[in-house]
Peer 1: 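Below you'll find the structure I mean.
What you see is a predicted model; the values in this text were computed from it and never measured. First listed ligand is number 1; within each ligand, the first listed atom is number 1. Basis for what follows: all heavy atoms, side chains included, without hydrogens, waters or symmetry-related copies.
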Amino acid sequence: ELSPAVNFALRISFYCLLCVVSSALTAPVCLLVNGGRTVKNMRIIKTVVKTFKYFFGLRFEVKGLENFKVEGPAIIVSNHQSILDMMGLMEVLPDDCVQVGKKELMYTGSVGLIIYLGGVIFINRKSTTSAKMVMAEVAKTMTTENVKVWVYPEGTRNCTGDLLPFKKGAFHLAVQAQVPVIPVVYSSFTTFYNPKKNLFTSGKIKVEVLPPIETKGLTSDDVSDLTDRCFRTMRETLFRLSGHPSEAKESS
Ligand SMILES: CCCCCCCC/C=C\CCCCCCCC(=O)SCCNC(=O)CCNC(=O)[C@H](O)C(C)(C)COP(=O)(O)OP(=O)(O)OC[C@H]1O[C@@H](n2cnc3c(N)ncnc32)[C@H](O)[C@@H]1OP(=O)(O)O
Ligand SMILES: CCCCCCCCCCCCCC(=O)OC[C@@H](O)COP(=O)(O)O
């Protein structure tokens, strides 16, 4: 019998190794098929990553996929719990959707390469000014290139079973481009994954894609309200999906 700490370390190491090896194998395929950095590579990446769940006994129960079917671009916002989220992301990711990620991800070897090839937009979280400039650029190109953008508005991983306060970048982006915000909520991982308790077992993750929130006619003055509204809806959904109905009641 392995100690829980060793067992946890082995499972996480295996996950990272799986990511590194699959990225190294998938990168040449992306280059051969699509020739370079493009969101089209995400279709290939998605196909590979969607097999990972079987190695860890994870199951996804997805609802509301029809809410992704909006004409044209949109901002998708979701909660961010762990590096494991990448599997949940690929499980539901619509076509032609790029993600916003921290620039440090570029320096993770083959994983950085695959993320680059997939068209991920890198931001420097330590510099609000440069991050805002990148996001403003994205607001322009998402309309011309007709892509959706996936942002984790908490801005960092958070495995507490609750949401961190939202950063406003995603909502500024939506208002600037006048495109809808589509919230996606993943149930809490705490019952099967907790690094502090060396817990990483099999488990079920409920995913819900919520109805789009329109931003037509909103201005930068409305960004705070839009952020709050989105936060409250997502928090209620998180508690409901994770089976904490009392907390959901408290926050409403
Ligand atoms: C084949 C096998 C492969 C296996 C391997 C795997 C491959 C997988 C492939 C692909 C998967 C890719 C997965 C990627 C995942 C990445 C996850 C991450 O990295 S998450 C971290 C980074 N993401 C974010 O941080 C986003 C969200 N952040 C923001 O949007 C922030 O708002 C940001 C950075 C722009 C600024 O952050 P602030 O910390 O300064 O905080 P604030 O409160 O939001 O802003 C400060 C002030 O600036 C204004 N502001 C913000 N944005 C503005 C804007 N665009 N225009 C005008 N004002 C703006 C705000 O309103 C606020 O002002 P007032 O307090 O309201 O007065
Ligand atoms: C040197 C090789 C290391 C390779 C490790 C591969 C691990 C797989 C990583 C999958 C990409 C998932 C992206 C992700 O979840 O990034 C974390 C950031 O969102 C938030 O950063 P943070 O919580 O603020 O540190």
Peer 1: Between Phe56 and Phe14, is the ring centroid distance below 6.0 Å?
Peer 2: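 Close enough - the centres of the two rings lie under 6.0 Å apart.
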Peer 1: Tell me the protein heavy atom at minimum distance from atom 53 (C) of ligand 1, and give that distance in Å.
Peer 2: Lys132 CD, 3.1 Å
Peer 1: Does Met42 come within less than 4.0 angstrom of ligand 1, counting non-hydrogen atoms of the residue?
Peer 2: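 Contact present.
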Peer 1: Taking 4.0 angstrom as the limit and counting only heavy atoms of His80, give me the atoms of ligand 1 inside it, by number and element.
Peer 2: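 Per the distance check, 17 (C), 20 (S).
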Peer 1: Can you name the atoms of ligand 1, numbered from 1 with element, that are less than 4.0 Å from a heavy atom of Ala170?
Peer 2: 30 (O)
Peer 1: Can you tell me how far apart CD (Glu91) and CZ (Phe52) are? Round to the nearest 0.5 Å.
Peer 2: 12.0 Å
Peer 1: Side chain, backbone, both or neither: which applies to Val49 and ligand 1 if a contact is any heavy-atom pair less than 4.0 Å apart?
Peer 2: side chain
Peer 1: Which atoms of ligand 1 sit under 4.0 Å from any heavy atom of Val48?
Peer 2: 1 (C)
Peer 1: Using distance alone, with no hydrogens and no angle criterion, decide if Asp162 and Thr160 have a side-chain donor and acceptor under 3.5 Å apart.
Peer 2: no
Peer 1: Would atom 67 (O) of ligand 1 count as contacted, meaning some protein heavy atom under 4.0 Å?
Peer 2: no
Peer 1: Could you pull out the closest heavy-atom pair between Ser224 and Lys168, with the gap in Å?
Peer 2: OG-NZ, 3.3 Å
Peer 1: Check the side chains of Gln81 and Asp85 for a donor-acceptor pair under 3.5 angstrom, ignoring hydrogens and angles.
Peer 2: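 Absent: no donor and acceptor within the cut-off.
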Peer 1: Just the distances, no angles: every ligand 2 N or O to protein N or O pair closer than 3.5 Å, one line each.
Peer 2:
residue  : atom   : partner : partner atom : Å
ligand 2 : 19 (O) : His80   : NE2          : 2.6
ligand 2 : 21 (O) : Lys102  : NZ           : 3.0
ligand 2 : 23 (O) : Thr156  : OG1          : 3.0
ligand 2 : 23 (O) : Arg157  : N            : 3.0
ligand 2 : 23 (O) : Arg157  : NE           : 2.7
ligand 2 : 23 (O) : Arg157  : NH2          : 3.3
ligand 2 : 24 (O) : Arg125  : NH1          : 2.8
ligand 2 : 24 (O) : Arg125  : NH2          : 3.2
ligand 2 : 24 (O) : Thr156  : OG1          : 2.6
ligand 2 : 25 (O) : Lys102  : NZ           : 2.8
ligand 2 : 25 (O) : Arg157  : NH2          : 2.8

Peer 1: From atom 63 (O) of ligand 1, is the closest protein heavy-atom distance below 4.0 Å?
Peer 2: no
Peer 1: Does any N or O atom in Tyr152 lie less than 3.5 angstrom from one in ligand 1, N or O only?
Peer 2: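 N/O-N/O distance under 3.5 Å: no.
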Peer 1: Heavy atoms of the protein only: does one fall short of 4.0 Å from atom 51 (C) of ligand 1?
Peer 2: yes
Peer 1: Between Glu104, Met90, Lys168, Gln176, which one has a non-hydrogen atom sitting closest to atom 44 (O) of ligand 1?
Peer 2: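 Comparing heavy atoms across Glu104, Met90, Lys168, Gln176, the nearest one to atom 44 (O) of ligand 1 lies in Lys168.
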Peer 1: Under a heavy-atom criterion of less than 4.0 Å, does Ala136 contact ligand 1?
Peer 2: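 No, that is not the case, since the closest heavy atom of the residue is not under 4.0 Å from the ligand.
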Peer 1: Provide, to 0.1 Å, the distance between atom 19 (O) of ligand 1 and the closest protein heavy atom, together with that atom's residue and name.
Peer 2: Lys102 N, 2.9 Å
Peer 1: Is the shortest distance from atom 47 (C) of ligand 1 to a protein heavy atom below 4.0 Å?
Peer 2: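 No, there is no protein heavy atom closer to it than 4.0 Å.
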Peer 1: Starting from atom 32 (O) of ligand 1, what is the nearest protein heavy atom, named by residue and atom, and what distance separates them?
Peer 2: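 Looking only at protein heavy atoms, the one closest to atom 32 (O) of ligand 1 is Gly169 N, 2.8 Å.
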Peer 1: State, to 0.1 Å, how close Phe171 and Pro153 come at their nearest heavy-atom pair, and which atoms those are.
Peer 2: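 Smallest interatomic distance, heavy atoms only, reads CE1-CB, 4.0 Å.
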Peer 1: Would Lys167 count as being in polar contact with ligand 1, using the rule that some N or O on each side must be under 3.5 angstrom apart?
Peer 2: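 It does: an N or O of Lys167 is found under 3.5 Å from an N or O of ligand 1.
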Peer 1: Give me the residue, atom name and distance of the protein heavy atom closest to atom 5 (C) of ligand 1.
Peer 2: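 Scanning the protein heavy atoms, the shortest distance from atom 5 (C) of ligand 1 goes to Ser23 OG, 3.5 Å.
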Peer 1: How close do Met90 and Val49 get, heavy atom to heavy atom, and via which atoms?
Peer 2: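 Between these two residues, the closest heavy atoms are CG-CG1, 3.5 Å.
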Peer 1: Would Thr128 count as a polar contact of ligand 1, with the cut-off being nitrogen or oxygen pairs under 3.5 Å?
Peer 2: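 Thr128 vs ligand 1: N/O contact under 3.5 Å present.
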Peer 1: Could you see which bit of Leu105 sits under 4.0 Å from ligand 1, with heavy atoms only: side chain, backbone, both or neither?
Peer 2: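 The answer is the side chain.
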Peer 1: As an exercise, state the distance from OG of Ser187 to CZ of Phe192, rounded to the nearest 0.5 Å.
Peer 2: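 Spacing of OG (Ser187) from CZ (Phe192) equals 7.0 Å.
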Peer 1: N/O to N/O below 3.5 Å, does that happen between Ile115 and ligand 1?
Peer 2: no
Peer 1: Which atom pair, heavy atoms only, marks the closest approach of Gly112 to Thr108?
Peer 2: N-OG1, 3.0 Å
Peer 1: So which bit of Ile123 gets within less than 4.0 Å of ligand 1, heavy atoms only: side chain, backbone, both or neither?
Peer 2: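 Contact part for Ile123 vs ligand 1: side chain (C-beta onward).
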Peer 1: Atom 49 (C) of ligand 1: which protein heavy atom is closest, and how many Å away?
Peer 2: His172 NE2, 3.8 Å
Peer 1: I need the Asp228 CG to Arg235 CZ distance, nearest 0.5 Å.
Peer 2: 12.5 Å
Peer 1: Please list, in number order, the atoms of ligand 1 under 4.0 Å from a heavy atom of Met135.
Peer 2: 30 (O)
Peer 1: Which residue holds the protein heavy atom closest to atom 12 (C) of ligand 1, what is that atom called, and what is the gap in Å?
Peer 2: Gln99 OE1, 3.5 Å
Peer 1: Within ligand 1, which atoms have a heavy atom of Arg125 less than 4.0 Å away?
Peer 2: 21 (C), 22 (C), 25 (O)
Peer 1: Look up atom OG1 in Thr128 and atom CE in Met135, then write down how far apart they are to the nearest 0.5 Å.
Peer 2: 11.0 Å
Peer 1: Val151 heavy atoms, cut-off 4.0 Å: which ligand 1 atoms fall inside?
Peer 2: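 That gives atoms 26 (C), 27 (C) of ligand 1.
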Peer 1: Is the ring pair Trp150/Tyr186 parallel, tilted or perpendicular, if the boundaries are 30 and 60 degrees?
Peer 2: tilted
Peer 1: Relative to the heavy atoms of Ala131, which atoms of ligand 1 are at a distance of less than 4.0 Å?
Peer 2: 34 (C), 35 (C)
Peer 1: Could you tell me the separation between the CG atom of Leu2 and the CG atom of Asn198, rounded to the nearest 0.5 Å?
Peer 2: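 Reported value, rounded in 0.5 Å steps: 12.0 Å.
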Peer 1: Which of the listed options, Ser220, Cys16, Gly101, holds the heavy atom that is closest to atom 16 (C) of ligand 1?
Peer 2: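 Ranked by closest heavy atom to atom 16 (C) of ligand 1, first place is Gly101.
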Peer 1: Using a strict cut-off of 4.0 Å, indicate which atoms of ligand 1 neighbour a heavy atom of Gly155.
Peer 2: 21 (C), 24 (C), 25 (O)
Peer 1: Does any N or O atom in Thr156 lie less than 3.5 angstrom from one in ligand 1, N or O only?
Peer 2: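 It does not: no N or O of Thr156 is found under 3.5 Å from an N or O of ligand 1.
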Peer 1: From the options Ile76, Asp95, Leu93, select the one residue that forms a side chain to side chain contact (heavy atoms under 4.5 Å, CB included) with Phe68.
Peer 2: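 Only one of Ile76, Asp95, Leu93 forms a side chain to side chain contact (heavy atoms under 4.5 Å, CB included) with Phe68, namely Ile76.
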Peer 1: With sequence neighbours excluded, what pairs up with Lys204 under the salt bridge (Lys or Arg N to Asp or Glu O under 4.0 Å) test?
Peer 2: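 Per chain and number, Lys204 pairs via salt bridge (Lys or Arg N to Asp or Glu O under 4.0 Å) with Glu61.
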Peer 1: Tell me which protein heavy atom sits closest to atom 6 (C) of ligand 1, plus the residue, atom name and distance to 0.1 Å.
Peer 2: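 For this ligand atom, the closest protein heavy atom is Met86 SD, 3.3 Å.
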Peer 1: What's the shortest heavy-atom distance between Thr215 and Val179, and which atoms?
Peer 2: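 Closest pair (atom of Thr215, atom of Val179, distance): OG1-O, 2.8 Å.
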Peer 1: In Å, rounded to the nearest 0.5 Å, how long is the span from OH of Tyr54 to CZ of Arg59?
Peer 2: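 So the gap between those two atoms works out to 11.5 Å.
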Peer 1: Nearest protein heavy atom to atom 13 (C) of ligand 1, by residue and atom, and its distance?
Peer 2: Leu89 CD2, 4.0 Å
Peer 1: If every non-hydrogen atom of Asn124 is compared with every non-hydrogen atom of Ser130, which pair is closest and at what distance?
Peer 2: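 Where Asn124 meets Ser130 most closely, the heavy atoms are CB-OG, 3.8 Å.
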